[in-house]
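Quick notes on the structure that follows.
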Number of protein chains: 2
Amino acid sequence: MRYHRNDVVNRAIEVLDEYGLESLTMRRLAAELGVQPSALYHHVPNKQTLLAIVADEILARGRRPQRARAWDRRVVEVCAELRDAMLAYRDGAEVVSTAYTFGLGAGGPANRLREALRDGGFPDDLVDVGTRALLHLVFGHAVDEQTALQAASAGAIDRAPGGPADFERALELLLDGLRSRSRV
Amino acid sequence: MRYHRNDVVNRAIEVLDEYGLESLTMRRLAAELGVQPSALYHHVPNKQTLLAIVADEILARGRRPQRARAWDRRVVEVCAELRDAMLAYRDGAEVVSTAYTFGLGAGGPANRLREALRDGGFPDDLVDVGTRALLHLVFGHAVDEQTALQAASAGAIDRAPGGPADFERALELLLDGLRSRSRV
DNA sequence: ACCTGAACACCGTTCAAGT
DNA sequence: ACCTGAACACCGTTCAAGT
């Protein structure tokens with residue numbers, strides 16, 4: 001059977017979700033598709049790029065309509081969407097935040113946060129600082145939470161994972177700092 | 001020559017700093033010590049543990065005396081120390097933040113932040129939320145900055161790395177949110 | 001355009017055996 | 001106690017050759 005890039009990406013996400021990031025190897029993925037490892041390199045230049053595409057796809061699948069009008073409500077909306085998108089697949093937070101660190105793809109959420117802050121009347125440098133801080137909070141929280149969840153399901157008793165309430169409270173802390181500097 | 005665990009850890013940090021995390025393999029480290037790969041397993045149970053010990057050592061080498069009294073000044077002090085400690089070695093931020101995510105070691109800075117917040121008069125749950133948010137900010141910022149620095153030194157032109165000023169401004173945003181909830 | 005087969009240059013880890 | 005030698009079960013990537 002003949003495949004296209006989308007088939008490879010979709011199957012990669014299936015393998016990720018079912019067996020985890022450490023099992024998502026080029027050889028494993030090839031076997032899953034019933035193909036030689038070298039065949040993958042006709043669809044994707046290398047593993048790093050594949051993971052960046054997977055990250056973008058995970059984010060795309062989590063897209064939701066934006067309803068909020070006020071800049072701070074929009075920030076909350078974008079952050080919650082981003083968090084939920086990452087948590088929807090096993091190791092999704094790890095994959096997306098790593099891809100983001102390497103600067104490949106994932107520009108979407110950053111741009112939407114940037115626009116929200118711009119509409120909040122912040123000077124350009126604070127828009128940048130705020131956007132990055134928000135992303136660090138969302139990524140860090142999601143990775144922690146997903147790690148804790150998997151540790152818990154693997155039998156380690158562990159403390160409570162934090163969850164959406166903790167996430168929102170952390171976000172509110174940062175938003176308070178931002179609000180006190182907003183010009184709108 | 002016969003080695004002890006400390007020799008292995010010290011050499012691991014040398015390899016890390018000189019060649020980067022991706023070159024810090026058990027086989028490479030063994031070769032650097034003039035020993036068979038299998039010999040390392042007499043000093044360390046596996047690579048993950050070695051990296052956790054390396055992370056702790058990087059943090060320990062960055063320890064500084066705490067001078068500040070006020071809880072928020074102490075938070076700034078601990079975060080700055082943590083950041084500087086990570087940035088002192090190539091890929092240090094990646095190593096430390098990964099080790100922290102897996103819950104191994106690195107409890108030191110978290111505990112010091114926790115104590116500072118406790119002295120700020122925060123309720124227990126806000127102490128937790130605040131500590132985690134602070135760590136996410138510090139780790140995220142440090143990893144970003146180190147990645148950008150290495151990309152820049154590798155020739156990619158890239159935007160400015162952010163640097164200590166951006167870091168302090170992000171920290172101040174979060175601290176403002178915390179201060180507005182402090183009972184002291 | 002898409003894939004096979006074979007290879008290259010590696011990994012982490014285990015384990016019997018040596019000193 | 002610390003190390004060797006050899007093996008096991010893998011990696012990502014390249015490349016000539018096939019259809």
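Letters A, B, ... are given to chains in the order of the sequence lines, protein chains preceding strands, and every chain is numbered from 1. Worth knowing before you read on, the calculation uses all heavy atoms, side chains too, and leaves out hydrogens, waters and symmetry mates. Keep in mind that this is a model prediction, so the values were computed, not measured.
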Both distances under 3.5 Å, Watson-Crick or G-U wobble: on that basis, could you give the dot-bracket string for DNA chain D, with [ ] for crossing pairs and | for other-strand partners?
||.|||||...|||||.||
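Arg27(A) places its CZ atom 11 Å from the P atom of dT13(D), with the value rounded to the nearest Å. Atom P of nucleotide dG12(D) and atom OH of Tyr41(A) are separated by 6 Å, given to the nearest angstrom. Summarising the geometry, the separation between OH on Tyr3(A) and C1' on dT4(C) is reported as 15 Å, rounded to the nearest angstrom. We find that CE of Met26(A) is positioned 13 Å from P of dC3(C), with the value rounded to whole Å. Rounded to whole Å, the distance from NZ on Lys47(B) to C1' on dC11(D) is 12 Å. Distance, Leu24(A) CG to dC10(D) P: 16 Å, rounded to whole Å. When the P atom of dT14(C) is taken as reference, atom CG of Asn46(B) falls 8 Å away, rounded to whole Å. The nearest whole Å value for the distance from the CD atom in Gln48(A) to the P atom in dC11(D) is 19 Å.
Note on Glu81(B) versus Arg63(B): salt bridge recorded, some NZ/NE/NH1/NH2 to OD/OE distance being below 4.0 Å. With respect to Glu77(A) and Arg73(A), no salt bridge is recorded, no charged nitrogen being found less than 4.0 Å from a carboxylate O.
With values rounded to the nearest 0.5 angstrom, Asp72(A) atom CG is found 4.5 Å from Arg179(A) atom CZ. Of the inter-residue distances, the one linking Gln66(A) atom CD with Glu115(A) atom CD reads 8.5 Å to the nearest 0.5 angstrom.
Put simply, the side chain of Ser38(A) and the base of dG5(C) share a donor and an acceptor less than 3.5 Å apart.
When each of dT4(C), dT13(D), dG12(D) is scored by its nearest atom to the side-chain atoms of Val35(A), the top-ranked nucleotide is dT4(C). Listed nucleotides: dC3(D), dG12(D), dT13(C). Nearest to the side chain of Arg2(B): dC3(D).
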Passes side chain to side chain contact (heavy atoms under 4.5 Å, CB included), Ile13(A) versus Ile58(A)? Steps please.
CA-CA 8 Å; Ile13(A) 293 182; Ile58(A) 286 175; 4.2 Å; yes
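When the side-chain nitrogen and oxygen atoms of His42(B) are compared with OP1 and OP2 of dT4(D), none of them lie within a distance under 4.0 Å. Within the structure, a side-chain polar atom (N or O) of Gln36(A) is placed less than 4.0 Å from OP1 or OP2 of dG5(C).
Taking the C1' atom of each, dC3(C) and dA16(D) are spaced 13 Å apart, rounded to whole Å.
The residue among Arg28(A) and His4(B) whose nearest nucleotide of DNA chain D is located toward the 5' end is His4(B).
Without hydrogens or angle criteria, Arg112(B) side chain to Gly108(B) main chain gives no donor-acceptor distance under 3.5 Å.
In the displayed structure, Arg64(B) atom CZ is contacted under 6.0 Å by more than 12 heavy atoms of other residues, nucleotides or ligands.
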